[in-house]
Amino acid sequence: MAGEEVKRIEELIEVILRSIPKEREARNLYRQTAARAPNEMARLLFERLSEQEAVHEQKLRAVLELLRAEKREIESR
Amino acid sequence: MRSIDGDELEGGDGVEGRPALVAVEGRVYDVSASRMWADGKHMKAHAAGRDLTLELQAAPHGPEVLERVEQVGELAEPGAPARATQFPEPPALLARVLALHPHPVSVHFPIALCTTAALFVLLALIFGIPSLERAALYNLGLGVLAAPAAILTGLLSWRYNYGGVWTPIFRRKTALSVLLLLLAAVALTLRLALPESFGPEAPLHWVYAVLVLAHAPTVAAIGFLGGNITFPR
């Protein structure tokens with residue numbers, strides 16, 4: 001039973017882990033694009049998108065920590 | 001501001017008329033009056049009477065929701081602040097190297113060379129041409145030489161891009177990489193121990209051939225797992 005719970009959590013951890021580098025990549029891409037934007041409107045748009053990706057990454061890392069703590073707790077029972 | 005200890009916070013579970021208290025970054029809030037905290041539960045997932053600093057960081061809303069509830073005190077012993085998982089930052093030079101994507105670049109070599117070695121061994125078995133078997137040996141040797149770079153860059157990528165967190169897909173990829181190295185080590189040792197006039201008459205000929213053929217599905221499986229980690233489905 002505990003093994004199944006750990007497996008379920010590990011699957012979620014894996015989804016989060018695989019998503020974080022993608023959020024980082026998108027943030028960097030939007031940031032670089034904002035720096036090269038041809039006009040103010042485009043610059044603001046890409047800066048906003050970059051900030052949103054940074055928030056996504058932060059939330060994913062928080063969820064990751066919660067899941068890892070839950071896994072540790074189950075394993076220590 | 002009133003000091004609230006861990007026991008008082010724990011007692012504020014919002015059940016049976018007790019107040020619903022939650023702590024965030026050392027501050028304690030009374031959420032009893034909030035309709036989002038009926039019976040001390042929020043969204044059927046978060047219970048009152050606890051420190052929810054990390055949960056709030058993971059929430060779809062921001063900390064602005066706390067402006068709608070009353071702060072009633074501060075934690076007497078706030079302890080270490082809860083933090084989201086931090087990924088290690090590579091040294092500057094290594095960061096520049098990793099930006100060149102060395103793992104996806106380097107994995108092509110062992111994948112291609114080991115698969116080609118298997119193909120040449122198969123052709124040598126079918127047509128009985130010694131030069132094909134020799135070509136397989138050269139490809140296998142080069143594949144083995146290329147493997148450490150692929151493994152090292154893979155480990156670095158895992159550590160810095162994925163925080164070094166150990167999950168089933170990384171476990172399977174590592175196990176298959178170890179299997180590949182073992183297959184290569186045994187196959188090469190065997191091949192070098194075999195006589196120069198290598199052919200079906202040699203007693204270990206078939207063992208060697210199977211070992212080399214086994215490289216192809218092994219590298220394909222490693223590549224498949226790598227693709228699963230990186231590429232969208």
Side-chain angles (χ1 to χ4, degrees), chain A residues 1-36 44-77, chain B residues 24-25 43 45-47 50-64 79-90 95-96 98-101 103-104 154 156-174 225-233:
Chain A
M1 192 63 185
E4 274 184 26
E5 268 185 86
V6 168
K7 193 178 165 194
R8 182 184 58 82
I9 292 170
E10 278 189 331
E11 282 171 4
L12 293 174
I13 287 175
E14 210 158 85
V15 170
I16 304 280
L17 266 188
R18 283 154 60 171
S19 304
I20 289 173
K22 291 183 174 75
E23 298 289 356
R24 282 185 169 185
E25 193 71 25
R27 182 199 63 194
N28 291 340
L29 179 65
Y30 291 142
R31 190 183 287 166
Q32 289 161 10
T33 309
R36 294 196 304 267
L44 283 174
L45 170 68
F46 284 109
E47 273 182 4
R48 177 73 61 83
L49 288 171
S50 169
E51 286 162 11
Q52 286 175 357
E53 300 303 344
V55 170
H56 293 165
E57 185 197 334
Q58 173 61 26
K59 291 202 176 292
L60 286 171
R61 287 196 289 109
V63 176
L64 179 60
E65 189 59 35
L66 289 167
L67 289 169
R68 293 172 75 194
E70 193 179 340
K71 182 175 167 235
R72 282 194 296 270
E73 192 188 318
I74 293 169
E75 286 173 337
S76 67
R77 276 180 208 158
Chain B
V24 175
E25 291 180 356
M43 305 302 289
H46 310 288
R50 297 172 55 239
D51 189 323
L52 298 179
T53 303
L54 200 53
E55 276 90 338
L56 184 58
Q57 287 178 33
H61 54 70
E64 70 280 353
R83 275 159 49 97
T85 299
Q86 301 297 309
F87 285 13
E89 285 294 330
R96 292 176 72 172
L98 289 174
L100 298 173
H101 306 298
H103 187 58
L156 288 171
S157 173
W158 169 63
R159 175 168 167 74
Y160 292 110
N161 292 334
Y162 300 94
V165 179
W166 200 231
T167 66
I169 201 161
F170 292 111
R171 276 201 290 271
R172 285 196 289 271
K173 210 160 178 279
T174 305
L225 292 174
N228 262 354
I229 293 169
T230 311
F231 294 104
R233 294 184 185 185

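Chain identifiers are assigned alphabetically (A, B, ...) following the order of the sequence lines, protein sequences preceding nucleic acid strands; residue numbering begins at 1 within each chain.
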Under 4.5 Å, heavy atom to heavy atom: which of residues 3-13 of chain A reach chain B? Give them by number, or say none.
-> A:Glu10, A:Ile13
Any residues in residues 54-61 of chain A near chain B, with a heavy-atom distance under 4.5 Å, and which are they?
-> A:Gln58, A:Lys59, A:Arg61
For A:Arg72, the salt bridge (charged side-chain N to carboxylate O under 4.0 Å, His left out) test, sequence neighbours excluded, returns A:Glu65
Please report the shortest heavy-atom distance between A:Arg68 and B:Thr85, naming the atom on each side.
-> NH1-CG2, 3.1 Å
Would you be so kind as to tabulate the donor-acceptor pairs closer than 3.5 Å made by side chains of residues 160-168 of chain B, with sequence neighbours excluded?
unit_1, atom_1, unit_2, atom_2, d
B:Asn161, ND2, B:Ser157, OG, 3.1
B:Thr167, OG1, A:Glu14, OE2, 2.8

N/O donor-acceptor pair under 3.5 Å between A:Lys22 side chain and B:Thr230 backbone = yes
Does the side chain of A:Leu17 come within less than 4.5 Å of B:Phe87's, by heavy atoms?
-> yes
Give a yes or no on this: more than 12 heavy atoms of other residues, nucleotides or ligands lie within 6.0 Å of atom CD of A:Gln52.
-> yes
Where do B:Ala58 and A:Val63 come nearest, in terms of heavy atoms and distance?
-> CB-CG2, 3.5 Å
Has B:Arg171 got more than 12 heavy atoms of other residues, nucleotides or ligands less than 6.0 Å from its CZ?
-> yes
